[in-house]
Protein chains: 2
Amino acid sequence: MDGDLRLEQKGGVIALERGLSILSAFGNERSALRLTDIAEITGLNKSTILRLCVSLERQGFIKRREDGWFQLGAALFHLGSAYQRSFQIVDVIDPVMQALVNEFNECSTFTVRDGNSVVCLHKVESSQGIRDAGSSIGDRYDLNNGASSQVLRAFSGEDGENFDQIRDTIHATSFGTLYPDAAAIACPLFGMGGDLLGALQLSGPQYRFSETAMAAMKQGLLHAVAGLTRSLGGNTDIYRTNTDNN
Amino acid sequence: MDGDLRLEQKGGVIALERGLSILSAFGNERSALRLTDIAEITGLNKSTILRLCVSLERQGFIKRREDGWFQLGAALFHLGSAYQRSFQIVDVIDPVMQALVNEFNECSTFTVRDGNSVVCLHKVESSQGIRDAGSSIGDRYDLNNGASSQVLRAFSGEDGENFDQIRDTIHATSFGTLYPDAAAIACPLFGMGGDLLGALQLSGPQYRFSETAMAAMKQGLLHAVAGLTRSLGGNTDIYRTNTDNN
DNA sequence: AATTAAGTTTCATGCAATGAAACATTTTAA
DNA sequence: TTAAAATGTTTCATTGCATGAAACTTAATT
């Protein structure tokens, strides 16, 4: 970045975006940054950063430690939790995910679509040493790879033969598209009105995702989302595949 | 609020603080707000809000729904998760809290001090219908009431007879100080260098917190925090009460 | 002691944040 | 149905305040 946001934007407030860019500088795995780090990442002048940080700290969005390092503040955690809570689904879905993890002993994630991104809203870890540790709660990906992304795109109505197939079979799989050795299988979760809420996924190392294992997982996932939709007051017919007859 | 931040502040950037105040408007249980709501809560001019929101939305901090309502954005969730992850302790402490909840069948919370606030970093719910549903992850309280607050204050070195007693017995209790019918018992958790990391608490309705029940909980909590401190590489002597002799 | 780097404060300059006003649109009342 | 009120949006002249270079103070390295 070069810190000069003037050219690209129409409308908006530069000072605010600069402040937000300071916050976003912490989003990439570094939990503490020095003034110089922030200056490098954002491209902002140090004076500017210091001035913006006075405001960020006063509102609790960042915290400056005694040793001078900057950290994210509790206000972000508070609002982040509020964001998650606004999806009331998480409370309902958690026990179901716990059960899935117990049954298949692989990590389960629940993701939602946000524009052209996927956001990992919830994750339940398996107890295995070798497991999908690549994604965490709060992570955000492009809507390109991975079983969940495919599901979210398919049931947002995107065109394409592969998406047709996902709609037909009501699930998607992926092998090494997001992380080289990882595999995943995902199903859509629908709400009361048949609207797409998100995608429920199981993921782990490819060698544990045999055809037979994945067939069982598919059953487990479909059973799980059907039960969830039912308890949300929705119609479960939507989970009938095109080859179902009953 | 009156939206006029000019008088109170020295240094800082007004436009940024106004933007942050918009975000904070969502912090009080309302997950969606209209323009007018935001104007009322923050005291800002609607034009100003609209302009600030362009920037907030462009950076993913808020999202405007098609019906015009504003909601928090995924960027906040991402950063909030990053905040939580910066306390690596949560990963270690979660299984221990799960075990506590299994044993005593009451909700367990882990809180940390942030200035003059308590922040609920993690919570494990009990399966009881009647339980402490008053606090959630991400909540922030004044450092006044509740067992955890007392513990955090006592082991931050505050003066007072009651704090002396908490330091002696290495735990605090509370009955109805935060919520009328609730009771709680809390212990401090210390890190490697004997530094206070936070407070571990069990809480529920008063009628289930008899003397004998709480004696068992105290043992359970102390055992839990001692084990945690040990696995963090710290010395557990710090959990010896003044009346211990061995 | 000399040099480099990191952090902080100041202040003249002019850019960009501001809010009143006018307008568009939707909802409520009469 | 019309009128009135509430909500949301855009514009633009005014000036408030965000800006960053420069000077300065530590702190770390050589």
Side-chain angles (χ1 to χ4, degrees), chain A residues 1-26 30-73, chain B residues 1-26 30-73:
Chain A
M1 308 190 201
D2 64 353
D4 193 344
L5 303 163
R6 259 163 293 190
L7 310 171
E8 346 172 7
Q9 64 177 1
K10 285 271 175 275
V13 177
I14 293 177
L16 173 57
E17 297 210 31
R18 287 178 170 174
L20 299 178
S21 79
I22 292 177
L23 295 178
S24 298
F26 292 87
R30 299 192 58 182
S31 67
L33 297 171
R34 289 173 307 166
L35 177 59
T36 307
D37 299 325
I38 299 177
E40 272 177 14
I41 297 173
T42 62
L44 295 171
N45 184 292
K46 286 183 185 176
S47 315
T48 304
I49 295 171
L50 240 25
R51 213 163 343 100
L52 292 168
C53 281
V54 169
S55 294
L56 287 170
E57 183 160 31
R58 183 155 42 212
Q59 305 282 334
F61 284 73
I62 62 162
K63 183 166 190 184
R64 188 154 207 191
R65 297 195 313 223
E66 294 191 359
D67 59 10
W69 290 67
F70 292 93
Q71 286 187 302
L72 294 175
Chain B
M1 308 189 203
D2 64 352
D4 192 345
L5 303 163
R6 261 164 291 191
L7 309 171
E8 345 172 6
Q9 64 179 359
K10 285 268 176 278
V13 176
I14 292 176
L16 174 56
E17 298 209 30
R18 287 176 169 175
L20 299 178
S21 78
I22 292 177
L23 295 178
S24 298
F26 291 89
R30 299 192 57 181
S31 67
L33 297 171
R34 289 174 309 165
L35 177 58
T36 306
D37 299 325
I38 299 177
E40 271 176 15
I41 296 174
T42 62
L44 294 171
N45 184 291
K46 286 182 185 175
S47 315
T48 305
I49 294 172
L50 239 25
R51 216 167 334 104
L52 292 168
C53 282
V54 169
S55 294
L56 288 170
E57 182 159 33
R58 184 154 43 211
Q59 304 282 333
F61 284 74
I62 63 163
K63 184 168 186 178
R64 187 156 207 190
R65 296 196 313 222
E66 294 190 0
D67 59 9
W69 290 66
F70 293 92
Q71 286 188 301
L72 293 175

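Residue numbers begin at 1 in each chain, while the letters A, B, ... track the order of the sequences.
In this structure, B/I14 atom CD1 and D/dT15 atom P are separated by 17 Å, rounded to whole Å. Atoms CG (A/D67) and P (C/dA6) sit 15 Å apart, rounded to a whole Å. Distance A/I38 CD1 to C/dA6 P: 13 Å, rounded to the nearest Å. For the pair B/L16 CG and D/dC17 P, the computed distance is 15 Å after rounding to whole Å. Taking atom CD of A/E57 as the reference point, atom C1' of C/dG7 lies 15 Å away to the nearest angstrom. Counting to the nearest Å, the P atom of C/dA16 and the CG atom of B/L52 are 15 Å from each other. Taking atom CH2 of residue A/W69 and atom C1' of nucleotide C/dG7, one finds them 14 Å apart after rounding to whole Å. A/I49 has its CD1 atom 13 Å from the P atom of C/dA6, to the nearest Å.
Here the CG atom belonging to A/L20 is positioned 7.0 Å from the CG atom belonging to B/L20, to the nearest 0.5 angstrom. With rounding to the nearest 0.5 angstrom, the CD1 atom of B/I22 is 10.5 Å from the CD1 atom of B/I41. How far CZ of B/F70 is from CG of B/L23: 11.5 Å, rounded to the nearest 0.5 Å. A distance of 8.0 Å separates CZ in A/R51 from CG in A/N45, rounded to the nearest 0.5 Å.
The backbone N or O of A/G12 lies less than 3.5 Å from no partner atom in the side chain of A/E17, so there is not a single donor-acceptor pair. A donor-acceptor pair under 3.5 Å links the side-chain atoms of B/S21 to the main chain of B/R18, judged by distance alone.
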Would you mind building the protein contact string for nucleotides 7-13 of chain D? One character per nucleotide, 5' to 3', B for base within reach (heavy atoms under 4.0 Å), S for sugar-phosphate only, - for untouched. SSBB---

